[in-house]
Student: 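Quick one: this structure, given as structure tokens, is what I'll be asking you about.
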Amino acid sequence: MFHSDVTDTVRSPLFETLPLGCYDMEVRDLLASGPFWLDVCRPTAEEMGTLTRVFKIHPLTAEDIMTEETREKCEAFPGYYFIAIRTFDSDQYSPNYMQPINVYIIVFRECILSFHMQPITHLNNVLNRVEQLKLYGSHISPDWLNYALIDDITDGFMPSLRHIELEVDAIDELVLILKEREQSDMLRRIGHARKRVMVLLRLLITKADVIKAVIKRCAQRLAPESETTLYLGDIQDHIITMVQNLNHCDKTLTRSHSNYLAQISIEITQASNRTNDVVLKMTALASILVPLNIITGLWGMNVKVPGEEEEGLGWFFGIVTGMILVAVCSFIVVRRHNIV
């Protein structure tokens with residue numbers, strides 16, 4: 001993708017096929033006519049070699065781009081400064097959702113080059129802002145394009161951050177009020193939320209230092225009345241605020257996890273107490289029935305027992321009465337010890 005005031009936005013699948021020669025001036029004059037932006041997605045070794053020769057890019061910069069250096073940084077080289085920053089795939093339906101995407105920006109005084117290995121949506125957003133500013137006659141400099149691209153990358157974190165904050169608040173409220181049967185997926189929700197928080201923290205934690213270095217580089221090359229450094233400072237404030245919010249979310253999830261485990265422990269203890277209570281009552285009932293079984297067992301033996309030769313029912317009712325008395329006495333003893 002190539003953008004300038006003369007050509008507007010020109011796209012081509014290959015760098016060699018960019019239709020820059022169809023205008024009324026030479027390519028050299030076209031590039032020197034004003035600030036321009038060249039964006040390259042998945043640069044090949046040949047394309048990178050060509051750009052390195054044309055724009056006098058340092059070999060270390062080319063190496064970082066081709067090897068997809070993951071460390072975010074801002075480095076100064078003769079004639080330009082190089083920024084490595086990371087965004088992420090924000091498409092929730094993509095298999096690479098929340099996966100980091102490395103973006104490399106080379107800022108010259110007269111142009112800006114950007115590289116990335118996967119398609120990103122930030123380009124169209126920045127171009128839309130450029131078109132809006134052109135309506136007001138604003139001058140678009142390479143440093144401002146660099147700011148706009150970093151600002152859009154930073155703003156891309158806001159929807160995911162708001163979604164995480166809502167999820168964390170919901171977990172924090174529900175972890176103590178849900179019933180036991182409704183808590184089956186709570187641990188999974190906490191785990192997924194913490195994973196997303198850690199991913200965003202890993203992507204944001206170093207951006208504040210990068211923006212600080214970019215502000216320093218811009219202050220050395222921009223006019224004192226330029227507002228680009230102020231805009232970059234606003235990005236730095238947003239990043240620091242998002243990092244603080246993510247740290248707060250992480251602490252909230254840690255507390256919710258502890259509360260969840262405490263709730264589970266309490267429920268297990270309550271279930272154990274109920275089981276022990278049932279077992280205690282069964283033991284008390286057995287204590288009442290065992291003496292009765294002994295009595296019936298004694299009179300049920302195949303030997304001569306008292307009352308065996310008697311014709312009346314006196315012995316039968318006497319044995320039953322004795323069993324009732326034993327049961328009543330056992331029940332009184334059990335109740336006195338608060339067993340049942």
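The structure displayed is predicted, hence computed values, not measured ones.
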Student: For residues Val175 and Ser256, report the shortest heavy-atom separation together with the two atoms involved.
Tutor: CG2-O, 3.5 Å

Student: May I ask you to test the Asn102-Gln118 pair for a side-chain heavy-atom distance under 4.5 Å?
Tutor: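 They are not in side-chain contact.
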
Student: Given 3.5 Å as the limit, does a donor-acceptor pair link the side chain of Asn276 with the main chain of Ser272, or not?
Tutor: yes

Student: Would you indicate whether the side-chain heavy atoms of Cys111 and Leu38 approach each other to under 4.5 Å?
Tutor: no

Student: Using a 4.5 Å cut-off on heavy atoms from C-beta on, say whether the side chain of Tyr80 contacts that of Thr61.
Tutor: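 Of all side-chain heavy-atom pairs linking Tyr80 with Thr61, at least one is under 4.5 Å.
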
Student: Would a hydrophobic clustering, with Ile, Leu, Val, Met, Phe, Trp and Tyr connected at side-chain separations under 4.5 Å, put Ile171 with Ile264?
Tutor: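 Same cluster.
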
Student: Quick one: do Trp37 and Ile140 satisfy side chain to side chain contact (heavy atoms under 4.5 Å, CB included)? Show the steps, please.
Tutor: CA-CA 11 Å; Trp37 178 16; Ile140 306 299; over 6 Å; no

Student: Are Val54 and Val40 connected in the hydrophobic side-chain network, where two residues link if heavy atoms are under 4.5 Å apart?
Tutor: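 Yes, because Val54 and Val40 connect within a single hydrophobic cluster, where side-chain heavy atoms sit under 4.5 Å apart.
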
Student: Mind listing the closest non-hydrogen atom pair of Gln236 and Ile215 along with its distance?
Tutor: OE1-CD1, 3.8 Å

Student: Take Asp155 and His122 through the side chain to side chain contact (heavy atoms under 4.5 Å, CB included) test and state the conclusion after the steps.
Tutor: CA-CA 10 Å; Asp155 290 343; His122 307 295; over 6 Å; no

Student: Take Ile105 and Ile150, measure what side chain to side chain contact (heavy atoms under 4.5 Å, CB included) needs, and give me the verdict at the end.
Tutor: CA-CA 9 Å; Ile105 308 171; Ile150 295 177; 4.2 Å; yes

Student: Atom CD of Glu72 and atom CD1 of Ile83: how far apart are they, to the nearest 0.5 Å?
Tutor: 11.0 Å

Student: Salt bridge check: are Asp64 and Lys73 linked by an N-O gap of less than 4.0 Å?
Tutor: yes

Student: Once rounded to the nearest 0.5 Å, what's the spacing between atom CG of Asp151 and atom CG of Leu232?
Tutor: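 Interatomic distance, Asp151 CG to Leu232 CG, rounded to 0.5 Å: 9.0 Å.
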
Student: Are any of the side-chain heavy atoms of Pro35 and Ser141 separated by less than 4.5 Å?
Tutor: no

Student: Please check this pair: side chain of Asp250 against backbone of Leu246, looking for a donor-acceptor N/O pair closer than 3.5 Å.
Tutor: no

Student: How many angstroms lie between atom CG of Asp39 and atom CD1 of Ile112, to the nearest 0.5 angstrom?
Tutor: 9.5 Å

Student: Looking only at side chains, do Tyr147 and Asp234 share a donor and an acceptor under 3.5 Å apart?
Tutor: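 Short answer, no.
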
Student: Applying the 4.5 Å side-chain criterion to the ILVMFWY set and letting contacts propagate, would Tyr97 and Met117 be lumped into a single cluster?
Tutor: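 Not linked; separate clusters.
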
Student: Is a side-chain donor or acceptor of Asn146 paired with a backbone partner of Pro142 at a separation under 3.5 angstrom?
Tutor: no

Student: Any side-chain heavy atom of Phe157 within less than 4.5 Å of one from Lys207?
Tutor: yes

Student: Can you name the nearest heavy-atom pair linking Pro119 to Cys41, along with the distance?
Tutor: N-SG, 4.0 Å

Student: Please say yes or no: joined through hydrophobic side-chain contacts below 4.5 Å, possibly via intermediate residues, are Ile153 and Ile240 part of one cluster?
Tutor: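 Result: no, two separate clusters.
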
Student: I'd like to know if the side chain of Ser258 reaches the main chain of Thr254, judged simply by a donor and an acceptor atom lying under 3.5 Å from each other, with no hydrogens or angles considered.
Tutor: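 Here the side-chain-to-backbone pair exists.
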
Student: Any heavy-atom pair between the side chains of Phe55 and Leu113 that's under 4.5 Å?
Tutor: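 A side-chain contact under 4.5 Å exists here.
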
Student: For His116 versus Pro43, what's the shortest heavy-atom pair and its separation?
Tutor: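 Looking at all heavy atoms of both residues, the shortest contact is O-CD, 4.1 Å.
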
Student: Distance from Thr206 atom OG1 to Leu201 atom CG, nearest 0.5 Å?
Tutor: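 If I round to the nearest 0.5 Å, the distance is 11.0 Å.
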
Student: Looking at Ala62 and Ile57, what are the two nearest heavy atoms and their distance?
Tutor: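 Distance-wise, the nearest heavy atoms are N-CG2, 4.3 Å.
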
Student: Do Arg255 and Lys251 touch side chain to side chain, with heavy atoms closer than 4.5 Å?
Tutor: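 A side-chain contact under 4.5 Å is absent here.
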
Student: Set out, in order, the CA-CA distance, both residues' side-chain angles and the distance that settles side chain to side chain contact (heavy atoms under 4.5 Å, CB included) for Glu165 and His248, then state yes or no.
Tutor: CA-CA 9 Å; Glu165 288 176 340; His248 174 71; over 6 Å; no

Student: Keeping the roles fixed (side chain from Thr269, backbone from Ser265), state whether a donor-acceptor pair exists under 3.5 Å.
Tutor: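 It does hold such a pair.
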
Student: Which class fits the ring pair Phe82 and Phe77: parallel under 30°, tilted 30 to 60°, perpendicular over 60°?
Tutor: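 Phe82 and Phe77: perpendicular rings.
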
Student: Where the side chain of Tyr231 meets the backbone of Trp144, is there a donor-acceptor pair that is under 3.5 Å apart?
Tutor: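 The answer is no, because no donor-acceptor pair under 3.5 Å joins these two groups.
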
Student: Within this structure, what is the CD-OG1 distance for the pair Glu167 and Thr252, rounded to the nearest 0.5 Å?
Tutor: 12.5 Å

Student: Are Val290 and Met282 linked, directly or through intermediate hydrophobic residues, by side-chain heavy-atom contacts shorter than 4.5 Å (ILVMFWY only)?
Tutor: no

Student: Please examine the side chains of Thr296 and Met323, heavy atoms only from C-beta on, and report whether any two atoms are closer than 4.5 Å.
Tutor: yes

Student: If you compare all heavy atoms of Ile101 against all heavy atoms of Asp89, which two are closest, and at what distance to 0.1 Å?
Tutor: CD1-N, 3.9 Å

Student: Using 0.5 Å steps for rounding, measure from the CG atom of Leu261 to the CG atom of Leu187.
Tutor: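 Reported value, rounded in 0.5 Å steps: 7.0 Å.
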
